[in-house]
Amino acid sequence: MQEPAPQKIIIDTDPGIDDAMAIHQAFADPRLEVVGLTTIFGNVTATRATRNALHLAEMVGHPACVAGGAPVPLRRAPEPPADFVHGPEGFGNLPAPTPGRAADPRSAATYLCESCAAAPGEIIICAVGPLTNLAAALEHDPAITRNARRVVVMGGSAAHHGNVTDCAEANIWNDPDAADSVFAADWDVTMVGLDVTEKTRCGPQDFAVIAKQAPVIGGFLSAATEFYFDFHEAKLGERICFMHDPSAILAITDPHLFGFEAMPISVICDGAEIGRTIAGGVGRRDVSVAMQVDSDAARARFMEVVATADDRAAARHRESNLKTTVIGGWNAGRNR
Ligand code: BDR
Ligand code: CA
């Protein structure tokens with residue numbers, strides 16, 4: 001039987017250690033075609049997020065477009081980057097990368113709108129950072145609600161707990177106004193929040209396995225994740241990490257691993273509970289909220305996909321060399 005065509009995806013991201021895991025997972029998964037990466041402040045500054053996204057694509061020779069996004073939230077002063085979780089440059093203790101190519105000149109919001117308009121109903125936007133770019137895209141071209149296939153957000157929590165405050169998850173807390181406008185818009189949204197992302201955990205032994213199977217990409221993720229383990233160990237007393245952003249990718253590729261419930265979602269934008277996601281919102285469309293996960297299967301799936309990352313990168317390099325040779329030769333022939 002013929003394989004279904006890969007699902008097209010743009011990842012809106014603040015890389016970030018678990019963002020790097022999710023992006024390499026998406027690059028390695030043949031069921032996805034990563035069209036682009038749009039970047040956002042959050043775990044690092046927006047400038048570093050763009051640099052890091054370019055580096056992640058370059059590591060595997062991936063042609064994904066990278067467009068730089070908002071450096072600050074819609075309406076409030078920015079919080080400092082989460083360097084105590086992701087390290088000073090975003091990849092734990094690894095040094096700042098120096099990518100060899102530049103970002104697309106368009107803003108993330110413009111890029112999102114133009115890409116979705118050029119392929120109506122085809123592109124899934126997977127947002128794994130604060131939602132400022134998506135809110136800006138809604139302002140820039142409201143037709144994006146029809147042009148995007150669907151939106152998958154890593155953020156929030158239906159069980160009313162948080163990871164920055166008692167009730168606010170980091171991506172929502174960084175720009176609650178933006179998050180609220182994304183949940184209020186008339187498009188197909190899935191929320192993959194702490195309800196499931198904290199249930200799927202990996203430990204150093206899992207990354208040691210990945211590093212053995214895919215020494216370049218797995219090795220990079222394993223080295224970066226040491227810092228992430230330190231953070232979680234200090235918080236939980238256990239050397240593990242939560243698989244936040246990879247869970248959002250899994251909700252696209254392997255939705256059968258999750259249990260979803262439909263409910264409208266609103267975000268508290270002021271007061272003591274700022275950043276909290278709540279079920280409800282008059283006249284709002286239902287959001288599909290991930291409430292259960294088969295965490296062992298989710299961890300296994302993530303590991304299985306990332307284990308193939310080096311082979312996939314090698315195949316991509318071979319393919320692009322072939323294209324250069326064949327197309328270059330063909331053009332040279334024509335010019336003669
Ligand atoms: C989310 O916040 C960031 O620190 C992670 O990258 C993830 O997107 C988890 O709350
Ligand atoms: Ca993130």
Side-chain angles (χ1 to χ4, degrees), residues 13-25 42-44 48-49 52 56 79-95 128-130 153-174 191-212 217-251 257-258 275-277 290 292-303 305-307:
T13 172
D14 56 341
I17 297 171
D18 62 323
D19 300 72
M21 294 175 193
I23 290 167
H24 277 310
Q25 173 192 351
N43 295 331
V44 288
R48 285 184 174 149
N52 289 354
L56 293 171
E79 299 295 334
D83 54 2
F84 55 98
V85 186
H86 296 273
E89 304 294 341
F91 297 144
N93 281 321
L94 297 179
V128 296
V153 170
M154 187 282 125
S157 148
H160 305 161
H161 76 290
N163 60 1
V164 177
T165 68
D166 283 350
C167 55
E169 181 281 330
N171 290 340
I172 308 295
W173 184 77
N174 265 313
M191 179 175 116
V192 182
L194 302 180
D195 310 287
V196 291
T197 66
E198 287 188 346
K199 287 188 189 132
T200 302
R201 301 161 174 211
C202 276
Q205 69 286 357
D206 298 317
F207 280 88
V209 170
I210 294 169
K212 201 158 173 212
I217 300 306
F220 162 77
L221 291 177
S222 175
T225 303
E226 282 300 315
F227 196 94
Y228 209 40
F229 289 139
D230 290 345
F231 167 77
H232 284 85
E233 189 170 21
K235 196 170 161 175
L236 308 166
E238 227 184 319
R239 199 155 181 81
I240 54 100
C241 68
F242 297 140
M243 302 300 280
H244 298 297
D245 294 349
S247 299
I249 302 292
L250 286 172
L257 300 178
F258 297 85
R276 172 171 164 180
T277 44
Q292 291 97 31
V293 61
D294 178 343
S295 46
D296 287 342
R299 183 180 57 250
R301 191 77 191 124
F302 166 80
M303 291 177 64
V305 171
V306 176

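Computation of the quantities below employed the complete heavy-atom set of this structure, encompassing side-chain atoms and omitting hydrogens, waters and symmetry-equivalent molecules. In this text the structure is predicted, and so the values were computed from the model without any measurement.
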- Mutual orientation of the aromatic rings belonging to Phe231 and Tyr228 [parallel < 30°, tilted 30-60°, perpendicular > 60°]: parallel

- Item | Heavy-atom side-chain contact between Ile210 and Ser222 under 4.5 Å | no

- Note on the structure: Contacts of Pro204 meeting side chain to side chain contact (heavy atoms under 4.5 Å, CB included) (sequence neighbours excluded), chain-then-number -> Phe229, Arg239

- Note on the structure: Between Cys241 and Thr225, the two heavy atoms sitting closest are SG-CG2, 4.1 Å

Using a 3.5 Å cut-off and no angle test, enumerate the donor-acceptor pairs between side-chain atoms of residues 242-251 and protein atoms at least two apart in sequence or in another chain.
from: His244; atom 1: ND1; to: Thr197; atom 2: OG1; distance (Å): 2.8
from: Asp245; atom 1: OD2; to: Asp19; atom 2: N; distance (Å): 3.4
from: Ser247; atom 1: OG; to: Met243; atom 2: O; distance (Å): 2.4

- Could you check if a side-chain atom of Phe220 sits within less than 4.5 angstrom of a side-chain atom of Leu94, using non-hydrogen atoms only? yes

- Query: Does Cys202 reach the side chain of Met21, with side-chain heavy atoms less than 4.5 Å apart?
  - Reply: no

- Query: Considering residues at least two apart in sequence or located in another chain, which fulfil the side chain to side chain contact (heavy atoms under 4.5 Å, CB included) criterion with Ala82?
  - Reply: Asn43, Phe84, Val85, His86

- Is there a side-chain contact between Leu194 and Met154 (heavy atoms, below 4.5 Å)? yes

- Identify, with sequence neighbours excluded, every residue that meets side chain to side chain contact (heavy atoms under 4.5 Å, CB included) alongside Ala170. Asn163, Val164

- What distance separates Ser157 OG from Met191 CE, expressed to the nearest 0.5 Å? 6.0 Å

- Heavy-atom closest pair (Asn174 atom, Gly42 atom, distance to 0.1 Å) is ND2-CA, 4.1 Å

- Of all heavy-atom pairs linking Phe227 and Gly87, the shortest is CE2-N, 3.2 Å

- Message: Give me the atom names and distance for the closest heavy-atom approach of Trp173 to Ala168.
- Response: CD1-CB, 3.6 Å

- Is there a side-chain contact between Glu226 and Asn93, using heavy atoms and a 4.5 Å cut-off? no

- Nearest atoms (heavy-atom pairs only) where Pro15 meets Ala49: CG-O, 3.7 Å

- Sequence neighbours left out, what pairs pass salt bridge (charged side-chain N to carboxylate O under 4.0 Å, His left out) with at least one residue falling in residues 191-202? Arg201-Glu238

- Item | Listed partners of Ala297 passing side chain to side chain contact (heavy atoms under 4.5 Å, CB included), at least two apart | Leu257, Asp294

- Task: Show the numbers, then the answer: is there a side-chain contact (heavy atoms from CB on, under 4.5 Å) between Glu169 and Thr277?
- Result: CA-CA 8 Å; Glu169 181 281 330; Thr277 44; over 6 Å; no

- Note on the structure: Taking every heavy atom of Val293 against every heavy atom of Phe258, the minimum-distance pair comes out as CG2-CE2, 3.6 Å

- So OG1 of Thr13 and CG of Asn52: to nearest 0.5 Å the spacing works out to 9.0 Å

- Once you round to the nearest 0.5 Å, how far does CZ of Phe302 lie from NE2 of His24? 10.0 Å

